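Taking it in order: structure first as structure tokens, then the write-up.
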Protein chains: 2
Amino acid sequence: MEVTTLTDVTDGATTKGEQTRELILSTALRLFREQGYGKTTMRAIATEAGVSVGNAYYYYGSKDHLMQAYYDLLQDQHRVAVEPILASEKRFVPRLAGVLRIWLEVAAPYHEFAGTFFKTAADPKSPLSPFSDESRPARDASVEIFRQVVEGSDLKLPADLRTELPELLWLVQMGVVLFWVHDQSDDVRRTKALIDRVVPLVDRLLRLTRIPGVRGVVNDLVGLIRSIK
Amino acid sequence: MEVTTLTDVTDGATTKGEQTRELILSTALRLFREQGYGKTTMRAIATEAGVSVGNAYYYYGSKDHLMQAYYDLLQDQHRVAVEPILASEKRFVPRLAGVLRIWLEVAAPYHEFAGTFFKTAADPKSPLSPFSDESRPARDASVEIFRQVVEGSDLKLPADLRTELPELLWLVQMGVVLFWVHDQSDDVRRTKALIDRVVPLVDRLLRLTRIPGVRGVVNDLVGLIRSIK
DNA sequence: GTCTATAACACGATAGAC
DNA sequence: GTCTATCGTGTTATAGAC
């Protein structure tokens, strides 16, 4: 599976400022990948990019902001990379499985570094928190992908559940990502196996909602999720 | 509800070293509570405790380790605080609700600071990660509480599900804690409301397992959880 | 507005003496 | 076990140049 590269995405630079901004980001991401987040200093990023430390801070308010920029990039790459499968495959199970697997491929180069990302994101006060206002665009973009997974599929569901489903699938992905971050097996084999088991299970769970006794509970669950949003 | 205090728990010091260790911890927790984790420096902790910075590091390998020590304390206080309700109440719903509510009370003084705890815990490389070997004792202790919730209750369940249930309830608590960390409402009103809605819903979900069509899916779910443990 | 160079500061962490 | 001194790094400040 071919996915867009960092260069593909960052090549849109036009003005000199934009070029510098992207030079700093791509340099930072390369160093994060090569040495890890903790061992990469702002001084090293600036030196490698051939700019001053002050200039790096001119474009990115903090080291964390470089990580936030990476996350936005990742979302964008994922969105582009899933287009083929969303266009060609109509069955719900392979659609969902494909979207999750492609995420693994897009994020693969940064597996090491991803732990640090999670760390920062888990802080409610961080702008990277999945629940923060600042990360809302990235989260909305991610939920939108799952909305497409549902919309374009052959899945038959009651309307209210169908409306909530994209957010639920986003939560499933968060779970997969959490597992992935901790997965130290070769080629994240365990995470791939997890996806292969989780997706059919989600499908079966959704089909259960046709049973009358289940519907009432599911409605309560949907109501609960709506109320805490 | 009366709960044990920090002093109750830390007063077991005998040797001089133990006293110093606990002095440093109690001082750190006081400052974390008063100023937050980020604004409390290791220098301030050492000064307030009347020891040197080096000495603080002699007992706690890092600032994060002070947080880990707090978490262990919290677990211990929770374990003690739930004893009355586990001894007197046999119905599953109030047992579970009580255990979750009491956790809120025990943790309340550290609500602000708790966000930072989550942040550190989310890093897979951190000793505080809920999946790390070092935090295994605290996690096991927490799961043990939920094992007691299930064991001593009137809940009727198939044996295999009953075996997995404590870990599932621990996951539910993680979810509640995640919500609590982000809850900025007065007196964490929203988290309390969440518990009031989640617990009966869990109860209803468990009862659904009596429906034959549901059983197969639940068995798959239990198998999945076992496989990733 | 974009960028450089350098210094300074705060704080987590460590080294090594006693 | 305890101390003082020091280091490394994120971040900010200063003082400008084009």
Side-chain angles (χ1 to χ4, degrees), chain A residues 10 12-29 31-32 34-70 113 115-117 119-121 123 125-128, chain B residues 10 13-32 34-70 113 116-117 119-121 123 125-128 134:
Chain A
T10 55
T14 46
T15 69
K16 181 148 178 257
E18 282 306 299
Q19 284 177 355
T20 305
R21 174 187 288 273
E22 296 181 357
L23 172 63
I24 292 165
L25 178 58
S26 59
T27 304
L29 292 185
L31 293 178
F32 289 163
E34 289 170 4
Q35 319 178 323
Y37 183 80
K39 285 181 184 162
T40 303
T41 68
M42 290 298 285
R43 288 166 178 82
I45 294 167
T47 303
E48 278 283 308
V51 301
S52 66
V53 177
N55 200 12
Y57 274 97
Y58 177 78
Y59 286 105
Y60 296 95
S62 75
K63 198 176 171 183
D64 281 357
H65 279 78
L66 284 164
M67 199 152 51
Q68 168 79 290
Y70 156 67
F113 157 50
T116 311
F117 177 77
K119 169 173 176 159
T120 309
D123 183 354
K125 275 159 271 175
S126 163
L128 275 76
Chain B
T10 56
T14 45
T15 69
K16 186 166 174 229
E18 282 305 299
Q19 284 178 354
T20 306
R21 174 186 288 274
E22 295 180 358
L23 173 62
I24 292 165
L25 178 58
S26 59
T27 305
L29 293 185
R30 178 168 60 79
L31 293 178
F32 289 163
E34 291 170 4
Q35 319 178 325
Y37 183 78
K39 285 181 184 162
T40 302
T41 69
M42 290 299 285
R43 286 166 177 81
I45 294 167
T47 303
E48 279 283 308
V51 300
S52 69
V53 177
N55 202 10
Y57 276 98
Y58 176 78
Y59 287 104
Y60 296 95
S62 74
K63 198 176 171 183
D64 283 356
H65 279 78
L66 284 165
M67 199 152 50
Q68 169 78 293
Y70 156 67
F113 155 50
T116 311
F117 178 76
K119 166 175 175 155
T120 309
D123 183 354
K125 275 159 271 174
S126 164
L128 275 76
E134 276 160 286

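All chains are named by letter (A, B, ...) in the order of the sequence lines, taking the proteins before the strands, and each is independently numbered beginning at 1. Quick caveat, the model's predicted, so the values are computed rather than measured. Just so it is clear, the values below take in all heavy atoms, side chains as well, and ignore hydrogens, waters and symmetry mates.
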Output side-chain donor-acceptor pairs under 3.5 Å for residues 44-53 of chain B, partner residues at least two apart or in another chain, one line each.
residue: B:T47; atom: OG1; partner: B:R43; partner atom: O; Å: 2.8
residue: B:E48; atom: OE1; partner: B:R30; partner atom: NH2; Å: 2.8
residue: B:S52; atom: OG; partner: B:N55; partner atom: N; Å: 3.1

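- Put simply, CG on A:L29 and OH on A:Y37 are 11.0 Å apart, with the number rounded to the nearest 0.5 Å.
- Counting only heavy atoms from C-beta outward, the side chains of A:T40 and A:E34 never approach each other to under 4.5 Å.
- Under a cutoff of 6.0 Å and an axis angle of 45°, B:R21 and B:Y58 do not form a cation-pi pair.
- In this structure, A:L66 atom CG and D:dT11 atom C1' are separated by 13 Å, rounded to whole Å.
- Applying the 4.0 Å criterion to OP1 and OP2 of C:dC3, one finds that A:T20 has a side-chain N or O inside that range.
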**Q.** side-chain contact (heavy atoms from CB on, under 4.5 Å) evaluation trace for A:L25 with A:Y59
**A.** CA-CA 9 Å; A:L25 178 58; A:Y59 286 105; over 6 Å; no
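- Distance check, rounded to the nearest 0.5 Å: CD of A:Q35 to CZ of A:F113 gives 12.5 Å.
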Contacts under 3.5 Å, N or O only, protein and nucleotides 8-10 of chain D:
residue: D:dG10; atom: OP1; partner: A:T40; partner atom: O; Å: 3.4
residue: D:dG10; atom: OP1; partner: A:K63; partner atom: NZ; Å: 2.8
residue: D:dG10; atom: OP2; partner: A:M42; partner atom: N; Å: 2.9
residue: D:dG10; atom: N7; partner: A:R43; partner atom: NH1; Å: 2.9
residue: D:dG10; atom: O6; partner: A:R43; partner atom: NH2; Å: 3.0

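- Checked against D:dG1, D:dT12, C:dG1, the side chain of A:Y58 finds its nearest nucleotide in C:dG1.
- The structure places CG of A:L31 at 7.0 Å from OG1 of A:T27, a figure rounded to the nearest 0.5 Å.
- Atoms OG1 and NZ, from B:T116 and B:K63 in turn, are 8.5 Å apart once rounded to the nearest 0.5 Å.
- Taking atom CG of residue A:N55 and atom C1' of nucleotide C:dT6, one finds them 15 Å apart after rounding to whole Å.
- Rounded to whole angstrom, the span from the CZ atom of B:F32 across to the P atom of C:dC11 amounts to 14 Å.
- When rounded to the nearest whole Å, the span between NZ of A:K16 and P of C:dC3 equals 5 Å.
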Q.
What does the B/S/- profile of nucleotides 13-18 of chain D look like, 5' to 3', with a 4.0 Å heavy-atom cutoff to protein?
A. ------
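- We find that OH of B:Y59 is positioned 18 Å from C1' of C:dA13, with the value rounded to whole Å.
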